[in-house]
Amino acid sequence: MGFLIRMAFWFSLVLLALPLSVGPDESGRESVSPLQALFAAREAVGDIAGICERKPEVCETGKSAMHTISARAKETAKIAAAMLDDGKTAEPDTSTTTGSVPQEVVLPDTAPVPVRH
């Protein structure tokens with residue numbers, strides 16, 4: 001989801017930088033230049049940065065979310081590292097053999113079949 005939001009943001013900046021004249025829309029709004037868009041984006045970022053002063057509970061929730069994300073990322077990295085280490089140091093299991101009958105076992109030529117009544 002974050003990837004899509006970032007892609008939409010960067011794609012919209014690329015569209016603003018293209019030298020195409022689109023003129024005003026039906027409601028009379030003029031198009032903006034890339035410089036005007038840059039200043040507007042800077043003001044928006046400054047406004048977002050001040051949200052912790054206006055709503056401290058939003059910042060506390062965001063800090064908790066970042067803690068949860070980082071803890072889960074650490075645990076996932078530990079699990080992945082353990083899985084990679086197990087693959088390198090694992091020796092083949094020679095204690096178990098399958099698919100063969102040991103030579104010491106002698107099977108009878110015929111076996112008695114139980115009779116069902």
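In this structure, E57 places its CD atom where more than 12 heavy-atom neighbours from other residues, nucleotides or ligands lie under 6.0 Å away.
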**Message:** Working note: D47 + R54, criterion salt bridge (Lys or Arg N to Asp or Glu O under 4.0 Å); need CA distance, chi angles, decisive distance, verdict.
**Reply:** CA-CA 10 Å; D47 186 51; R54 292 189 310 266; 3.2 Å; yes
**Request:** Start with the C-alpha distance between E60 and K63, add both sets of side-chain angles, then the distance that settles side chain to side chain contact (heavy atoms under 4.5 Å, CB included), and finish with yes or no.
**Result:** CA-CA 5 Å; E60 288 301 318; K63 287 178 184 176; 3.9 Å; yes
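With values rounded to the nearest 0.5 angstrom, S64 atom OG is found 11.5 Å from M66 atom CE.
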